[in-house]
Amino acid sequence: MTEQSHHPALSTEQQAALTSGGDFWHTRALPEAGVEGIMLTDGPHGLRKQPENGDALGIGTSEPSTCYPPACALGSSWDPALAERVGRAIALEAVAKNVSVVLGPGVNIKRSPLGGRNFEYLSEDPLLTARIGAALVHGVQSRGVGTSLKHFAVNSQETDRLRVSAEVDERTLREIYLPAFEHIVTTARPTTVMAAYNAVNGVPAARNHWLLTELLRGEWGFDGLVVSDWGAVADRVASLAAGLDLEMPPSRREAQVVAAVEDGSLDPAALDAAARRVLELLERTAAARVPGGSYDEDEHHALARAVAAQCAVLLKNDGGLLPLAPDGTGTIAVVGEFARSPRFQGGGSSHVVPTRLDTALDAIRATVTDPERIRFAPGFTLDGTADPALVAEAVEAVRAARHAVLFLGLPETHESEGFDRTDIDLPADQLALLDAVTAAARASGADVTVVLSNGAPVRLTPWQDRVGAVLEGWLLGQAGGSALARLLFGLDNPSGRLAETIPLRLEDNPSHLHFPGADGKVHYGEGVYVGYRYYDTLGLPVAHPFGHGLSYTTFGYDGLEVTPTGDNRFDVSFTVTNTGTRAGAEVAQLYVHECAPRLRRPEHELKGFAKVHLEPGESARLTITLDGRSFAHWSVRDHRWRVEGGEFELRIGASSRDLRLRTTVGCPGDGYVPGLTAESTLGEWLADPVGAQIIGAAMRPMAESIGISADDPIATTMGGSLPVGRIPAFVDSVTPEDIERLVAAHRELTAARAAEARAGAGRV
Ligand code: BGC
């Protein structure tokens, strides 16, 4: 309350203006009240600061800034510390450009490989998304620049994105689509959260009181500002009432807001709170507007390269084909237009104009001792028109070569904000090139490496069987070309791991029967079975599993020890050793499997990970801490997280399917006792310690009165599903009042025990 005192007192008109935005990229300045306007700018893998005339589609140009690897790559780094460095560097550029808020990170879950903005999102897994996203927010905000956690919530497709309603059940929301937002809000305190375009269960996110107020502020304690996605507000007054503070860009409906306050249909307190949050945002980001900021473009380019080298994923490397020797002999045919015209980011609002651009071709020539070894053939055009002459030229280059390195992937037109893909195939002309080149290589004895540039998975079968190595580069930002050359020639060792499963076929994806919906609705029918949670539960074959990624060295795991630290917490320690001959980094992953779950659960879920860099022969002792949430599920009965006591297997390894260490721990559970009512079944009463005691005493005479033994297993099984309130209909000697007494007795006994427990805890 006292904090408000140094905010200017604003009239209703001024508050309405302040919460409506100034222009496309600025909040409203109110010079007469001494309030400045601040700039919000897209990112999040660099800055898209437009000089004037804003557009949300990335069409207009913007000032050059370092283009770091987009989220699809950064997620594959599995390295929060690296993400934090990127965040800090972006913030330095923001300060230099007088940008107060960077509009990112995007932490929506990759539900389908078709999702048009998957390149802007981090993973199919909420924990990995949460950790990398939180690190980015920490990094950017460490220099006083604001962030915008987006798109809140369940914005996992582009089709009909401004209207579609994501129809998601409560458990799936809590376990899959919300945890990254929750973690980042509660641990990294983003200055703003961006309300998504889409609706969630019928209510547009930008006027969803449950999302913006009850959940975000009420449950998670968010204390920042909620900004609309650009143009997400259909009903300005309803959005304010729901908890949306700032509409962007301004839609010139301030008069409606003022009128609503005057006629009593909008609580003035809602407008007052929204205006106050805009003022608080100005205060929280004041350090971003200190003049004189600068950054070193060379240094940031070098950082972009170092990050890119940590993100690429070596999917396959038969017989240690890679790395190639820089000082080796024999011609290297570099094939594919992407080698000289890199595909390094996605299209749309996140499109950054880079400060410079490395090509793999130049970098390869600069890396090998004898550049004459390199022969380049473009092989295909970026517009996808088949060109037999280009294929023939590539085949000829490969025939004369010892190694063929093919740069394939998705052209820019295939992946952008605004639309979803319809298939996961490489373009037909590239597949034809691949056929021709692999046939030529087979005949001549050349080995073939494929380097991929794509923002979301492409189908790898059947062609990956015909090549020796596959390096998945995702989209690697402006220094991706040189990072790829360093990886191919072993100057860096690949250490990226898949943040999403690569399926064999599009049809195998769990969302396939539902995505992207129609007539304004998309049903999240696969529930919590997203990505590996589905593939691993069904044991389906995949092209490459979640968490997979090879290295030029090998790693061993041993020495697993688990220490319970109380309250469903465990410290899980183990040793990872670099058992090969090169320095490299391993990503140790910890999955939790519930041994005998009462309700269906995924086979296992990622609950911790650690990336560690090791010299040859070096070992590191790693400790991952698990807490109650690591074992919990969301109960749709109790509307809360529940940890049920029982056995859980902890699985540690190098992917969700390469598990090296296992052990079983007993979890005591959260001790939560759901209330028992007349609608609770006999089975539920018996499963509850207090309930069992009460009903046990009452049951024997009841059973006897209908002539069966209370211990008769058939009777107990059949009766188990009977709500106790229905017993009077079957058993004359039991009255509705008897049942009321049981329920009251349970309530009293539970309350008494809880009071005892509290008193006990107080004594400790
Ligand atoms: C996108 C946001 C972006 C905004 C501003 C919207 O179309 O969904 O991610 O920050 O435009 O460009």
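Ligands are counted one by one from 1 in listed order, and the atoms in each one are counted from 1 as well.
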Participant: Counting only pairs under 3.5 Å, give me each side-chain donor-acceptor contact of residues 228-246, with atom names and distances, residues two or more places apart or in other chains.
Facilitator:
{"unit_1": "Ser228", "atom_1": "OG", "unit_2": "Met248", "atom_2": "N", "d": "2.9"}
{"unit_1": "Ser228", "atom_1": "OG", "unit_2": "Met248", "atom_2": "O", "d": "3.1"}
{"unit_1": "Trp230", "atom_1": "NE1", "unit_2": "Phe24", "atom_2": "O", "d": "2.9"}
{"unit_1": "Asp235", "atom_1": "OD1", "unit_2": "Val237", "atom_2": "N", "d": "3.2"}
{"unit_1": "Asp235", "atom_1": "OD1", "unit_2": "Ala238", "atom_2": "N", "d": "3.0"}
{"unit_1": "Arg236", "atom_1": "NE", "unit_2": "Ser20", "atom_2": "OG", "d": "3.4"}
{"unit_1": "Arg236", "atom_1": "NH2", "unit_2": "Thr19", "atom_2": "O", "d": "2.9"}
{"unit_1": "Arg236", "atom_1": "NH2", "unit_2": "Thr19", "atom_2": "OG1", "d": "3.0"}
{"unit_1": "Arg236", "atom_1": "NH2", "unit_2": "Ser20", "atom_2": "OG", "d": "3.0"}
{"unit_1": "Ser239", "atom_1": "OG", "unit_2": "Ala206", "atom_2": "O", "d": "2.8"}
{"unit_1": "Ser239", "atom_1": "OG", "unit_2": "Asp235", "atom_2": "O", "d": "3.3"}
{"unit_1": "Asp245", "atom_1": "OD1", "unit_2": "Arg277", "atom_2": "NH1", "d": "2.6"}
{"unit_1": "Asp245", "atom_1": "OD2", "unit_2": "Arg217", "atom_2": "NH2", "d": "2.7"}
{"unit_1": "Asp245", "atom_1": "OD2", "unit_2": "Val226", "atom_2": "N", "d": "2.8"}

Participant: Applying salt bridge (Lys or Arg N to Asp or Glu O under 4.0 Å), which residue pairs with at least one partner in residues 61-86 are found, sequence neighbours left out?
Facilitator: Glu63-Lys97, Glu84-Arg88
Participant: Is Asn118 close to Glu415 at the side-chain level, that is, under 4.5 Å between some pair of heavy atoms?
Facilitator: no
Participant: Would you be so kind as to tabulate the donor-acceptor pairs closer than 3.5 Å made by side chains of residues 129-140, with sequence neighbours excluded?
Facilitator:
{"unit_1": "Thr129", "atom_1": "OG1", "unit_2": "Asp125", "atom_2": "O", "d": "2.8"}

Participant: Between Gln157 (side chain) and Pro516 (backbone), is there a donor-acceptor pair under 3.5 Å?
Facilitator: yes
Participant: N or O contacts of ligand 1 with protein under 3.5 Å, please list pair by pair.
Facilitator:
{"unit_1": "ligand 1", "atom_1": "7 (O)", "unit_2": "Tyr197", "atom_2": "OH", "d": "2.9"}
{"unit_1": "ligand 1", "atom_1": "7 (O)", "unit_2": "Glu417", "atom_2": "OE2", "d": "2.9"}
{"unit_1": "ligand 1", "atom_1": "8 (O)", "unit_2": "Arg117", "atom_2": "NH1", "d": "2.7"}
{"unit_1": "ligand 1", "atom_1": "8 (O)", "unit_2": "Asp229", "atom_2": "OD1", "d": "3.3"}
{"unit_1": "ligand 1", "atom_1": "8 (O)", "unit_2": "Asp229", "atom_2": "OD2", "d": "2.7"}
{"unit_1": "ligand 1", "atom_1": "9 (O)", "unit_2": "Arg117", "atom_2": "NH2", "d": "2.8"}
{"unit_1": "ligand 1", "atom_1": "9 (O)", "unit_2": "Lys150", "atom_2": "NZ", "d": "2.9"}
{"unit_1": "ligand 1", "atom_1": "9 (O)", "unit_2": "His151", "atom_2": "NE2", "d": "2.7"}
{"unit_1": "ligand 1", "atom_1": "10 (O)", "unit_2": "Asp42", "atom_2": "OD1", "d": "2.6"}
{"unit_1": "ligand 1", "atom_1": "10 (O)", "unit_2": "Lys150", "atom_2": "NZ", "d": "3.2"}
{"unit_1": "ligand 1", "atom_1": "12 (O)", "unit_2": "Asp42", "atom_2": "OD2", "d": "2.4"}
{"unit_1": "ligand 1", "atom_1": "12 (O)", "unit_2": "Arg48", "atom_2": "NH2", "d": "3.4"}

Participant: Check whether any side-chain heavy atom of Glu219 sits under 4.5 Å from a side-chain heavy atom of Glu214, and report yes or no.
Facilitator: no
